[in-house]
Each structure stands twice: as structure tokens, then as C-alpha cells.
Amino acid sequence: MSSDEDFNPRKRKVDDDDDDDDYDSDDDKPLAAMSSSSSSKKAAVKTKLKIKIRASPEVPKKVKREDTKPRKAIKEDPDRKKPAKKNTRELKKLDKTERLQYAMQAFLWWEAPVLAEGVNWSTMEHAGVSFPEDYEPHGVKMLYNGTPVDLTPAQEEAATFFAAMDPDGMHLGNPKTAPIFIKNFFADFKGILGRQHVIQKFEKCDFSPIRQHLNEQKMIRKAITDDEKKANKEDRNQVLHRFGFAIVDGHIERVGNYNMEPPGAFRGRGEHPKMGKLKSRVAPEQVSMNLSECAAVPKCPVPGHAWGDVRHDPRGQWLATWKENINGQSKYMQLAAQSSFKGKSDRSKYSKAGLLCKYITKIRKSYKKDLKNKNVETRQLATATWVIDRLALRVGGEKDTDEEADTVGCCSLRVEHLTFDPNDEGIDNKEIELEFLGKDSMLFKQTIDFGAEMYNQGEGGLGNQVFENLKAFCKKKKKTEEVFHAINPTMLNAHLKQFMDGLTAKVFRTYNASKTLQEELRKHETSPLWANLSATEKVVQYNNANREVAILCNHQRSVSKAQETQLESIGVKLATLKKQRKQLKAIGRKLVAGDSDIPLRKSSQAMDEDVKAALAKAKRMKEAATTKEQKIKATEADEKAKQKKRDLAQAKFEKAHLWEKVPSQDQVKKRIVAWTAKVAKMELDLKHKDDNKEVSLGTSKINYMDPRISVAWCKRNEVPIEKIFSKTLRDKFNWAMAVSPDWEFNESIGNEA
């Protein structure tokens with residue numbers, strides 16, 4: 001599978017002896033010349049073809065007498081123009097990865113024959129899993145009670161896992177998570193050390209020598225030359241071409257996670273109770289392969305080892321599977337997000353959500369009636385269904401908090417997660433603050449006003465009744481008791497399936513996310529000023545609609561240091577642009593008044609040359625570096641040169657509004673207009689980034705909003721799809737790109753499931 005021929009897409013062969021090389025093109029000839037020479041050309045082509053086929057020796061031509069006469073020399077006219085050379089454009093040469101990408105795009109899975117129900121493939125072949133290299137000891141000793149300690153390679157590897165953690169990061173730098181991480185790590189570390197080892201207490205351990213060594217290695221890696229970067233890329237491509245593609249039913253598919261996860265310290269999300277435990281190295285004997293019976297079993301890439309099992313299950317979409325040691329869960333190697341497997345699954349998911357449009361009225365009528373039912377179980381089922389429908393909560397289930405993080409859904413809500421009248425506004429207040437950890441330990445914290453109009457109008461209203469029910473469910477209960485004590489996830493899922501086959505809380509979330517996006521976009525499009533907006537301004541409105549969906553589904557994210565730095569940088573640039581515009585207006589007034597004292601921009605040529613010299617020197621140092629010390633110095637020189645380059649860019653930006661000589665009034669007016677446009681664009685950009693810094697727009701875009709809504713919106717409003725979908729998403733949702741501009745998310749798409 002690693003050879004070029006295995007995955008080479010079909011292409012038109014070009015003969016090296018093409019006729020184009022033997023006679024001139026007609027493109028540059030006059031029409032008269034073209035007609036007179038056409039017959040001779042055909043004869044030449046026929047003669048050449050005969051020579052190719054028969055391979056006969058050339059016959060000498062008879063030479064006419066007039067041809068033997070010497071020709072007169074023709075004097076060249078110096079004023080006569082020589083014919084211009086043809087501007088021939090060379091075809092772009094595609095590398096192997098690009099050729100494979102085009103080959104994959106050529107397969108339109110939605111036009112392929114449909115397999116039997118439950119069958120995902122007829123034939124499947126792949127190269128197995130790529131394993132990380134064995135650990136190479138570095139020999140740097142950690143300290144225990146101030147004394148260097150000898151460690152075996154396995155012990156040193158475990159110590160290095162801990163040393164690689166950032167002491168000020170989200171795990172060791174957080175006072176809530178650090179004790180959990182350290183406790184779990186040291187328990188596993190002691191298991192590797194053995195009972196009789198000198199290391200007994202974590203407080204006496206000092207990993208700083210190893211941490212310093214790792215930081216030095218980072219500096220050394222930064223000193224890599226261009227040739228070394230190219231060689232590393234080629235090595236990665238070799239692994240990609242061997243393991244990164246599969247042949248499914250005769251066509252090429254990209255494999256997602258073909259690299260086996262390396263050993264290390266488990267990090268988890270939120271306050272995961274197992275963070276810090278050591279992930280073991282997975283051996284080939286733990287891995288089961290899945291491929292067709294007619295396919296060759298891939299060779300195990302680790303010498304002296306073999307696969308644990310080989311299966312032939314066309315019902316499974318997985319290519320390989322194994323169990324990890326932290327939670328004992330099965331892990332899978334599967335095809336990538338842009339594969340036909342994922343595409344079929346996505347289209348089926350969105351079509352099922354569209355089908356819910358047909359049943360949603362019936363469902364809402366049902367829970368409207370049952371919200372006042374005297375039976376507690378019936379009333380709780382109706383209330384939970386309302387919560388899933390209107391608040392987009394997940395079903396939730398019981399968790400073993402010693403094994404998993406204490407994440408919560410609808411059925412597992414406890415009294416402690418609800419705060420009635422959080423602002424003490426009085427007895428008529430119908431607000432409830434919901435606060436709990438949702439999926440992936442993301443905090444759900446919202447104050448819901450159940451008395452608000454949005455929760456009491458239309459067929460899905462009933463907010464006042466839901467508030468009364470929740471209040472009754474929490475009455476006389478301890479904080480640790482469940483709100484919905486009479487039901488469980490199994491009962492709730494069974495209740496939902498009574499209305500529609502396959503209906504789950506996720507279908508509700510997908511339906512509500514898609515419906516909300518479509519309605520929000522339509523609101524903007526009906527605005528009288530919509531037609532005057534630019535494509536960029538329309539994208540801002542799209543992102544606003546996307547944000548409403550993300551808030552509904554509680555798709556939050558933590559604000560990183562990089563985001564804070566970026567927002568601060570944009571704010572500084574915006575202030576500079578406004579200051580420059582103000583100065584431009586002052587220059588305009590001076591020119592009108594005839595004042596010649598105009599600030600000018602000095603040439604930056606000397607600074608440019610200084611930066612170029614610094615970068616060139618750093619490059620030479622990298623290429624000449626052989627020792628560790630030399631590579632570190634080269635990296636330091638490179639970082640200083642790059643800082644000089646950034647300083648130069650900043651200096652140019654601060655003077656970008658000025659001229660090197662006194663401008664005219666017209667030039668100043670034009671520049672004021674240009675700077676006003678820059679200010680408006682940057683203000684828009686800053687507002688967008690600030691509004692969305694704590695909201696993950698991507699999660700709902702990838703998993704919950706039907707992509708066909710976005711594609712149709714782009715077509716209706718002449719917005720390039722690249723403005724809202726990255727290349728990854730365009731490849732993932734290639735099946736959605738052909739919809740018409742008037743396409744709508746409704747029950748009619750349910751037939752496509």
C-alpha cells in the first residue's frame with residue numbers, strides 16, 4: 001500500500017513524442033497560411049505514426065536540382081520586430097498527497113449504489129496502525145531530597161511525563177486540579193519504581209533538571225535548518241502515504257487517527273478524577289484489525305510483534321480497535337471526517353432531525369397535557385421532555401464519580417444545581433439559576449426566566465407550568481437528591497421513541513440548532529438594509545445567528561492567554577488607526593491653510609537591511625551549528641532577529657499614514673477615506689472576536705447545524721462559502737454543496753435519512 005501505484009489516481013497519459021514538438025502551433029499563423037499548410041501537416045502526422053508502428057528505417061528523399069543551388073543571404077531589417085515568443089504556461093506538478101486528494105474528491109458517495117441495511121462496505125483494505133518509536137533515555141537525573149537518583153528507562157520515561165507538564169498550566173497551575181493530578185501520577189509512578197525504591201514522598205521530588213533538559217531540547221529543535229524541515233516533512237509524508245489511506249469498495253478514503261496514541265500522563269477534561277494517571281504504551285498484540293476477507297492482512301510495523309486479532313465485519317465502520325488502560329474503554333481507528341462513512345452518518349443525522357418537524361407539534365401537545373398529570377412519573381417525563389426541547393439539555397445518566405467526572409444532564413440534575421429566585425426579587429419571581437458541569441466538564445450556568453414571554457408563547461410555551469413542576473420536584477429534598485427521582489434515562493428515551501422512531505435528546509438538539517439558525521438568518525435577510533450590506537458584514541450577521549445556536553446548546557470555551565493577547569493587540573492597532581486618521585485630518589487642514597509644516601515619513605531602508613542581515617546571520621548559525629550549545633545560540637539569534645522584524649513592522653505601521661514628501665490635498669482626502677474603512681473593518685473584527693471569545697461557534701457548525709442551511713444562505717446572498725466553512729468543513733460536507741439557494745430545513749428532507 002505504500003507504493004505510488006497503489007493510490008495513484010487515473011490521469012490522462014501524455015506521450016513524450018507528442019506531435020506538438022514537431023511542428024508549430026496554428027495559434028500564431030494567419031488564416032491563409034493555416035489553410036495552405038493543413039494538408040502537409042496531416043501527411044506529416046500520418047508519416048510519423050507509420051514510423052512509430054512499423055519502426056521502418058528512414059528512406060532518403062530525392063533532392064531536386066533547384067534545391068542544390070546556393071540561396072541568397074537575406075539581410076535582416078533592424079527595424080523589423082521579431083515575433084513574440086508564445087507565453088506557454090507550465091502545468092502545476094502535483095505531489096502524491098495532492099493527487100490522492102483529487103482522487104478522493106472524484107468519488108461522489110451519494111451517487112454510488114446503496115448497500116444492504118446495516119452493511120457499511122463490501123471490500124476494505126488498509127495498512128494498519130502506525131506506532132510511536134520506543135523511548136530513548138536522555139540520562140538526565142531527577143533529584144530526591146536534593147540528591148540525583150538513578151532511574152531505569154521505564155522509570156525515567158514516567159518522570160519525564162511529569163516534567164513535561166507546565167507547572168503554571170491548566171492542570172498543575174490550578175489549585176483544584178493539581179492535587180488530583182499529583183496524587184494519581186505519584187501512585188502510578190511508585191508502581192513503576194517498586195516498593196524498595198528510595199523515592200517515597202512526592203514532596204521531596206525535584207523534576208527541574210529533566211524539565212530544564214526538555215526546554216533545551218525545544219530550543220535545539222527550533223534551530224532546525226530548511227533542509228532538515230524538508231526531510232522531516234518527507235518522513236511524515238511517508239508515514240501518511242503508508243498508513244493514512246484505505247481502499248473501500250474500490251475507492252480511496254482518508255484514514256483519521258492512524259497514529260497510535262503515545263504513552264504519557266492522562267490529562268482529561270475539567271476535574272477528571274483520573275487525571276495524572278499514566279497511559280501505557282499499546283502493543284500490536286492488543287490491537288484487532290477489521291478488513292475484508294479478500295484483503296491482505298497488513299504487515300505489523302513493529303519487528304517481532306503481530307496483531308492480536310483479525311476480523312471481517314462489514315457492519316463496523318472501524319479499521320482497528322484496542323482498549324486503553326485508564327478507563328478501560330475501547331478506542332477505534334476510523335476513516336476521517338471527510339470520508340463516505342462519516343458523510344452518510346451526517347446526512348442521516350440531519351435528515352432525522354428534519355423529520356422531527358413532522359412530529360414536533362404532536363410532541364408539544366402531548367407534554368402540554370401531561371405537565372399537569374397527577375401521576376408523578378408522567379409529570380416528570382413531560383417536564384423533562386420540555387427541558388430537552390426548549391433548553392437543549394442532554395438526557396444525562398448516573399456516573400461513578402471515582403471513574404468519571406461528575407457531569408450532569410436532565411435526568412441526573414440534583415437539587416443543588418437549581419437556585420430559585422437567585423436575585424431575591426420576591427415571591428412572584430420565576431427565575432431559576434441552573435449551574436452544573438455538562439459534557440466534557442463544560443460549565444452550564446444560565447439564569448432561566450420561566451415567566452418570560454419566549455418560554456410561554458407558541459406551542460412550546462408553558463414556562464410557568466414547568467417552573468411550578470420543578471419547584472414541586474425539589475420540595476422537601478436534600479441538596480444531593482435528584483430532581484427527577486421517578487424517571488431515568490432509559491425511561492425517558494423510551495418515552496421519546498413513542499412519538500418518532502429513533503428520537504433522542506441529540507435529535508432534539510440537532511433539530512433546535514438547525515431550526516434556530518434558519519430562523520435567525522431569515523430575520524436578518526428580511527431587514528430593509530440587508531441588500532446594502534457587504535459580504536463581510538453579512539458574515540458578521542451569520543456569526544451572530546451561529547452564536548445564538550451555540551448559546552442554546554451551551555457550546556462554551558475557556559478564554560486562552562493567546563486570545564486575550566490577540567484582543568489586546570487588535571485594540572492597540574485600532575487606537576493607532578484612529579489616531580492616524582485624526583492626524584490626517586489635521587494635515588488636510590494645514591494644506592488648505594497653506595502651512596508647509598507637514599510631518600513626513602523617513603525611509604526605513606537602513607532598518608530593513610539591518611533586519612535582513614540579522615535573519616541571514618541567524619540562518620547561517622543554524623546551518624553551521626553542530627553542538628547543543630551552538631544550536632541554542634542559533635535559536636536565540638533567530639528569535640532576536642524575528643523580534644527585530646516585528647519591531648520594524650510595528651514602526652512601519654505607526655508611520656503608514658504619512659508620505660515621504662508633502663502630499664496634495666487630493667491624496668490626503670483619499671487616505672482619510674481609506675483609513676476610515678480600515679477603522680470600520682477593525683472595529684467589526686474586534687467586536688466579533690470579543691463577542692465570541694467564550695462561545696465555541698465551531699462545535700454547533702460541525703455537529704448540530706445542518707450544513708445545507710449555510711450553503712443555501714451563501715448562495716442566496718452571494719457570500720463565498722469559504723467565508724463561513726473552512727477547507728476541512730467543505731471537504732466534510734461536500735455532499736451538501738449542491739443544494740439550491742431556496743433549500744429549507746423541513747420534514748421533506750426526512751426521506752433522505
Side-chain angles (χ1 to χ4, degrees), residues 170-171 174 176-177 180 267-275 327 329 349 353 380 383-420 422 431-450 455 466 470 473-474 479-485 487-490 492-493 496 504-514 516-517 546-560 692-705:
M170 61 184 295
H171 295 92
N174 186 335
K176 289 184 177 180
T177 57
I180 303 170
R267 304 189 181 194
R269 288 170 173 164
E271 298 176 26
H272 199 289
K274 289 192 174 183
M275 65 167 60
N327 297 306
Q329 295 178 342
K349 174 180 70 176
Q380 288 199 355
T383 307
T385 305
W386 186 95
V387 169
I388 288 170
D389 179 18
R390 298 309 303 270
L391 304 184
L393 261 63
R394 293 178 172 85
V395 170
E398 294 182 4
K399 299 269 180 133
D400 183 350
T401 53
D402 291 334
E403 296 291 321
E404 301 176 78
D406 184 21
T407 56
V408 173
C410 182
C411 289
S412 50
L413 279 171
R414 299 190 293 271
V415 176
E416 61 186 328
H417 299 136
L418 282 71
T419 304
F420 292 84
E431 290 182 344
I432 301 178
E433 184 184 71
L434 290 172
E435 183 177 0
F436 55 86
L437 292 179
K439 186 182 178 183
D440 296 334
S441 296
M442 291 304 300
L443 178 66
F444 183 102
K445 186 174 182 179
Q446 290 185 25
T447 299
I448 312 294
D449 184 2
F450 288 84
Y455 292 118
V466 171
L470 290 173
F473 297 156
C474 294
K479 287 188 175 182
T480 55
E481 289 187 77
E482 290 183 346
V483 176
F484 296 99
H485 63 277
I487 62 174
N488 56 43
T490 305
L492 181 54
N493 283 323
L496 295 177
T504 63
K506 186 168 185 177
V507 176
F508 265 110
R509 288 167 65 80
T510 308
Y511 163 81
N512 280 313
S514 298
T516 301
L517 177 70
N546 191 355
R547 186 169 62 253
E548 291 299 317
V549 176
I551 292 170
L552 172 72
C553 297
N554 193 43
H555 293 149
Q556 300 180 35
R557 64 179 177 184
S558 304
V559 183
S560 64
N692 299 320
K693 65 183 179 182
E694 293 180 344
V695 179
S696 176
L697 300 183
T699 306
S700 48
K701 198 181 285 185
I702 294 168
N703 295 313
Y704 290 99
M705 301 186 317

Are the side chains of [X] and [Y] in touch, meaning some heavy atoms are under 4.5 Å apart?
X	Y	result
D389	W386	no
V549	N512	no
F473	T383	yes
F508	K506	no
N703	T510	no
C410	V387	yes

Between the side chain of [X] and the main-chain N/O of [Y], is any donor-acceptor distance below 3.5 Å?
X	Y	result
H417	R414	yes
S514	Y704	yes
H555	V695	no
K349	V507	no
R509	C553	yes
T516	E548	no
S700	L697	yes
S412	G409	yes

How close do [X] and [Y] get, counting heavy atoms only, and between which atoms?
X	Y	result
H171	T177	O-OG1, 2.7 Å
F450	L470	CZ-CD1, 3.9 Å
Y455	D449	CD1-O, 3.2 Å
V483	V415	CG2-N, 3.9 Å
N546	L517	N-CD1, 4.2 Å
P422	T419	CD-O, 3.7 Å

Using 0.5 Å steps for rounding, measure from the [atom1] atom of [X] to the [atom2] atom of [Y].
X	Y	atom1	atom2	value
L413	L418	CG	CG	6.0 Å
R390	L552	CZ	CG	9.5 Å
C411	R394	SG	CZ	14.0 Å
E431	F420	CD	CZ	12.5 Å
L393	N554	CG	CG	8.0 Å
L437	K445	CG	NZ	12.0 Å

Step-by-step side-chain contact (heavy atoms from CB on, under 4.5 Å) determination, H272 to N327: CA-CA 11 Å; H272 199 289; N327 297 306; 4.0 Å; yes
Criterion side-chain hydrogen bond (donor to acceptor under 3.5 Å, both in side chains) on N493 and T504, from CA distance to verdict: CA-CA 6 Å; N493 283 323; T504 63; over 6 Å; no
Verdict with supporting geometry, E435 and E416, side-chain contact (heavy atoms from CB on, under 4.5 Å): CA-CA 9 Å; E435 183 177 0; E416 61 186 328; over 6 Å; no
Verdict with reasoning, R267 to M275, per side-chain contact (heavy atoms from CB on, under 4.5 Å): CA-CA 5 Å; R267 304 189 181 194; M275 65 167 60; 5.8 Å; no
